[in-house]
Each structure stands twice: as structure tokens, then as C-alpha cells.
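Since this is a predicted model, take the numbers as computed values, not measurements. The sequence lines fix the lettering, A, B, ..., with proteins before strands; numbering per chain opens at 1.
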There are 2 protein chains.
Amino acid sequence: METPVSTEAVEPPPFDVFARACPSRETLEHVTGRWGSLTVGALREGPCRFNELRRRVDGVSEKMLSQTLQALERDGIVHREAQPTNPPRVDYELTPLGREVAGRLASLIHLLEGSMEQVLTARQAYDTTRGSR
Amino acid sequence: METPVSTEAVEPPPFDVFARACPSRETLEHVTGRWGSLTVGALREGPCRFNELRRRVDGVSEKMLSQTLQALERDGIVHREAQPTNPPRVDYELTPLGREVAGRLASLIHLLEGSMEQVLTARQAYDTTRGSR
DNA sequence: CGGAATCCAGGTTGATACTG
DNA sequence: CAGTATCAACCTGGATTCCG
């Protein structure tokens with residue numbers, strides 16, 4: 001018996017974020033980026049129009065929100081539903097994959113929000129120790 | 001019965017990453033930032049020296065790794081253990097909080113690595129639909 | 001080895017203005 | 001409303017050099 005060789009791919013390519021060239025690293029960055037994580041988190045509350053999303057994500061500019069949404073839509077994390085009405089109405093919502101991602105992200109966010117006292121204490125300790133080097 | 005009022009803070013301040021000025025947003029960015037997530041992920045495999053960490057996180061420069069580690073140390077996510085030997089030896093490891101964070105991050109990373117086929121397919125669909133607008 | 005400091009190019013950001 | 005275009009300003013990140 002020879003090494004089995006089929007005409008179709010026998011094994012899915014391994015994806016590893018720790019490797020510089022792996023496309024999974026890009027997606028991780030889209031999802032965890034400065035506005036990516038907040039946008040996904042905001043969409044977790046339900047479908048949302050562009051400007052409402054802007055309000056939920058305090059501080060994001062139109063441009064950044066637009067760019068972020070496009071990257072997330074391209075990766076299949078967010079679904080964009082445009083209605084050809086006038087004035088235009090566009091709704092964004094998470095895809096099934098997006099909901100899974102959002103869940104894990106929310107878990108991280110909640111952990112951090114709940115640990116901020118501890119973080120703030122650590123910062124003070126660090127600053128008095130190293131700040132006044 | 002009156003509303004209970006004690007002399008010490010009755011309620012911990014609410015932390016909300018979606019609010020522009022909340023310090024939790026900074027910590028989220030340290031943890032999910034371009035190198036933050038990979039550094040924390042790499043430290044999950046165990047304590048590690050500076051240059052070994054550089055090898056684990058493919059593509060980081062000394063400067064970025066150094067900056068990233070300092071931010072994470074300040075937030076109490078990473079512990080730095082320096083030995084005053086010559087040559088110097090410094091070990092980094094996750095704190096208990098860091099391990100919790102790393103766990104949630106790993107969960108997200110694994111999800112994404114396992115979904116990349118789907119993501120790549122979504123990208124192709126997007127590019128053929130919108131790319132040739 | 002483990003960093004800190006400096007320099008600098010280029011990418012990212014966010015007003016502002018404009019379009020459909 | 002839902003974006004896109006433009007542009008200056010800022011910041012990121014890499015390379016290099018030097019120190020303990």
C-alpha cells in the first residue's frame with residue numbers, strides 16, 4: 001500500500017494564529033481590533049442600523065465603523081441587509097459564526113469588567129514601583 | 001429599614017467597555033491588541049524568557065514585545081521575574097488573572113482557527129460580489 | 001541576554017465635507 | 001440615513017544602536 005493520495009484535499013490546512021502568514025491572524029485582528037471587538041459586542045444585543053451602532057459604540061467615527069463592518073462582513077462574521085428605500089435603511093446583524101465569536105468575546109469582556117478593581121490596584125502598585133524608578 | 005449606607009463604598013463602580021472613557025477599554029485593548037492576544041496566548045504554554053517569547057510570537061519586534069509586556073504587567077495580567085545575574089535572565093508568566101484571560105482568549109482563537117475554511121469561503125463570496133462592483 | 005532610546009517611514013485615525 | 005472622499009495629524013511599528 002502506498003501513501004494514500006486522493007484527488008481531493010485529504011486534510012484541511014492547519015491554521016495557526018501564531019504563524020506570521022496565517023490568514024487566521026487577520027481574522028483574529030478584525031475581531032479583536034480596537035473597534036472590532038466593540039462592534040461585535042454591540043451587535044450581540046441584536047440587529048442594528050448603522051447610526052444606532054455608532055451610538056452603541058461610544059467614540060467610533062463613521063469611517064472606522066464603516067471599515068470595521070466591511071472587514072467583519074467579508075469574514076462572514078456580520079451580515080449586512082440593505083433595503084433600497086429612500087432614505088436608505090441598512091441593518092447589520094451577526095451571522096451564526098458571528099454569534100459564536102461574540103459569545104466568546106463577551107465572556108472575555110465580562111471577565112475584564114469584573115476584574116477592573118484588581119487591574120486598577122495592579123496599576124497603582126506598578127506605577128509606584130516603576131513609575132518613580 | 002432604610003437603604004443600607006455604610007461608611008465604605010457601597011457599590012463598586014460599574015465598568016463598561018462600551019463607554020469611551022472607561023479604563024476597562026484600555027485593558028481590553030492591551031489584551032486583544034495586535035500583539036497582546038498573541039503574547040498572552042503564547043504564555044499560556046508556560047513561563048517563558050524574553051527571546052523565547054519572541055520566537056513563539058512569530059513576527060514581533062523587540063520593541064513591540066517589550067511594550068506589550070509592560071502594558072500587560074502593569075494591568076496585572078503578566079508577572080515579570082528578573083534575576084540580577086549576568087547575563088540577565090528574565091522570566092514572564094501569567095498571573096492568576098492572566099490565566100483566566102488567556103483561557104477565554106484561547107477559546108476565541110481556537111474557534112477562529114477551526115472556522116477558517118468558512119471564513120475563507122465567505123471572503124471569496126464577498127470578493128466576487130462586491131469586489132467586481 | 002534583556003532591554004531602553006532614538007529615528008523615521010508609512011499606516012491608521014478622525015474631522016469635515018459631500019453624495020445618493 | 002448611510003455611507004464615501006479627502007486630508008492633516010497622530011501613532012504604530014521596525015531597524016538600529018547602546019547600556020547593564
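Listed in residue order, the members of residues 41-65 of chain B having a heavy atom less than 4.0 Å from DNA chain C are B:R49, B:F50, B:N51, B:E62, B:K63. Of the residues in residues 20-37 of chain B, not one places a heavy atom less than 4.0 Å from an atom of DNA chain C.
Regarding contacts with the backbone of D:dC1, every side-chain N or O of A:Y92 stays at 4.0 angstrom or more from both OP1 and OP2. A close approach under 4.0 Å does occur between a side-chain nitrogen or oxygen of B:S66 and OP1 or OP2 of C:dA4.
Between A:R80 atom CZ and D:dT4 atom C1' the separation is 12 Å, expressed in whole Å. Atom pair A:N86:CG and D:dG3:C1' shows a separation of 14 Å (rounding to whole Å applied). For the pair A:L69 CG and D:dG3 P, the computed distance is 8 Å after rounding to whole Å. In this entry the distance linking CD of B:E73 with P of C:dA4 reads 10 Å, nearest Å.
Inter-residue side-chain proximity for A:P47 and A:Y92 is flagged as unmet; no heavy-atom pair is nearer than 4.5 Å. Taking 4.5 Å as the limit, every side-chain heavy atom of A:V90 sits out of range of all side-chain heavy atoms of A:E81.
Considering A:D75, A:T39, A:T68 in turn, A:D75 is the only one that fulfils the side-chain hydrogen bond (donor to acceptor under 3.5 Å, both in side chains) rule with A:H30.
Nucleic acid contact for A:Q70: sugar-phosphate only, since backbone atoms but no base atoms lie under 4.0 Å from a heavy atom of the residue.
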Note to self: Before you tell me yes or no, could you show the steps for B:L38 and A:F18 under side chain to side chain contact (heavy atoms under 4.5 Å, CB included), namely the whole-Å CA-CA distance, both residues' side-chain angles and the distance that decides it to 0.1 Å?
What the structure shows: CA-CA 7 Å; B:L38 296 176; A:F18 292 100; 4.1 Å; yes
Item checked: side chain to side chain contact (heavy atoms under 4.5 Å, CB included) between B:L111 and B:S115, intermediate numbers included -> CA-CA 6 Å; B:L111 170 64; B:S115 305; 3.8 Å; yes
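Between A:D127 and B:R74, at least one side-chain nitrogen of the basic residue sits less than 4.0 Å from a carboxylate oxygen of the acidic one, meeting the salt-bridge criterion. Of the charged side-chain nitrogens involved, at least one lies within less than 4.0 Å of a carboxylate oxygen, so that B:E26 and A:R123 count as a salt-bridged pair.
Every side chain to side chain contact (heavy atoms under 4.5 Å, CB included) that B:C48 has, sequence neighbours left out, goes to B:L43, B:E52, B:L53, B:R56.
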